[in-house]
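Worksheet: the structure to be examined is printed underneath.
Not measured: the values here are computed from a predicted model. We count residues from 1, following the sequence as given.
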Amino acid sequence: MAAVVLDVPAARVYAKAVQLARANPAVRVVSEDAAQRRLVIAEGNDQVTLGVQDLSGKVSQVTVLGPGEPDMATSRTVEAVLRVCKEMK
């Protein structure tokens with residue numbers, strides 16, 4: 001699991017994560033739940049769940065749950081989280 005706190009509203013973070021996932025041909029979106037701000041994506045047989053929680057009006061927390069064993073998918077998951085964070089500047 002990875003977690004990051006951002007000084008950005010949760011709705012904006014979630015929208016950017018969905019946009020990036022849809023634009024990435026290497027992954028497929030398994031499910032989206034905009035009300036819960038939860039996104040499940042897959043690459044091959046590995047699935048990753050990304051959740052965005054509202055901590056206050058302008059602060060949000062991104063959590064990512066991936067495969068239990070460290071592998072390339074986990075590294076790509078961390079890269080994806082960092083990409084979302086970079087886009088929030």
Side-chain angles (χ1 to χ4, degrees):
M1 182 179 106
V4 177
V5 175
L6 299 171
D7 289 329
V8 181
R12 187 170 154 218
V13 174
Y14 179 76
K16 180 55 74 173
V18 170
Q19 177 190 8
L20 291 172
R22 287 180 181 165
N24 186 343
V27 302
R28 72 182 188 287
V29 175
V30 175
S31 68
E32 292 179 47
D33 184 343
Q36 296 294 317
R37 293 188 197 97
R38 187 172 303 129
L39 175 68
V40 179
I41 60 173
E43 183 174 6
N45 293 327
D46 294 323
Q47 284 193 0
V48 173
T49 301
L50 179 139
V52 182
Q53 297 78 35
D54 181 26
L55 299 181
S56 73
K58 296 181 181 179
V59 178
S60 58
Q61 177 175 295
V62 179
T63 56
V64 179
L65 300 171
E69 295 294 320
D71 61 6
M72 291 300 286
T74 303
S75 295
R76 286 189 295 267
T77 300
V78 171
E79 289 173 13
V81 170
L82 294 174
R83 192 174 317 118
V84 170
C85 293
K86 182 178 179 181
E87 292 282 332
M88 294 292 98
K89 285 186 177 181

- Query: So if you build clusters from Ile, Leu, Val, Met, Phe, Trp, Tyr with side-chain heavy-atom gaps below 4.5 Å, do Tyr14 and Val29 land together?
  - Reply: yes
- Verify same cluster id: Leu20, Val40 (apolar side-chain graph, 4.5 Å): no
- Can you list every pair that meets salt bridge (charged side-chain N to carboxylate O under 4.0 Å, His left out) and has a residue in residues 14-27, with sequence neighbours left out? Lys16-Glu87, Arg22-Glu32
- Min side-chain heavy-atom separation Val13-Arg37 under 4.5 Å: no
- In Å, rounded to the nearest 0.5 Å, how long is the span from CZ of Arg28 to CD of Gln47? 6.5 Å
- For residues Val30 and Ala42, report the shortest heavy-atom separation together with the two atoms involved. CG2-CB, 3.7 Å
- Item | ILVMFWY network linking Val64 to Leu6, side-chain heavy atoms under 4.5 angstrom | yes
- Item | Spacing of CD belonging to Gln61 relative to CG belonging to Asp54, to within rounding of 0.5 Å | 11.0 Å
- Can you name the nearest heavy-atom pair linking Ala17 to Leu39, along with the distance? O-CD2, 3.9 Å
- Query: Is Val5 reachable from Leu65 through a run of hydrophobic residues whose side-chain heavy atoms are each under 4.5 Å from the next?
  - Reply: no
- Message: Using modelled atom types and a 3.5 Å cut-off, is there a donor and acceptor pairing between side-chain atoms of Ser60 and backbone atoms of Val8?
- Response: yes
- Taking the side chain as every heavy atom from C-beta outward, state whether Ile41 and Leu50 have any atom pair closer than 4.5 Å. no
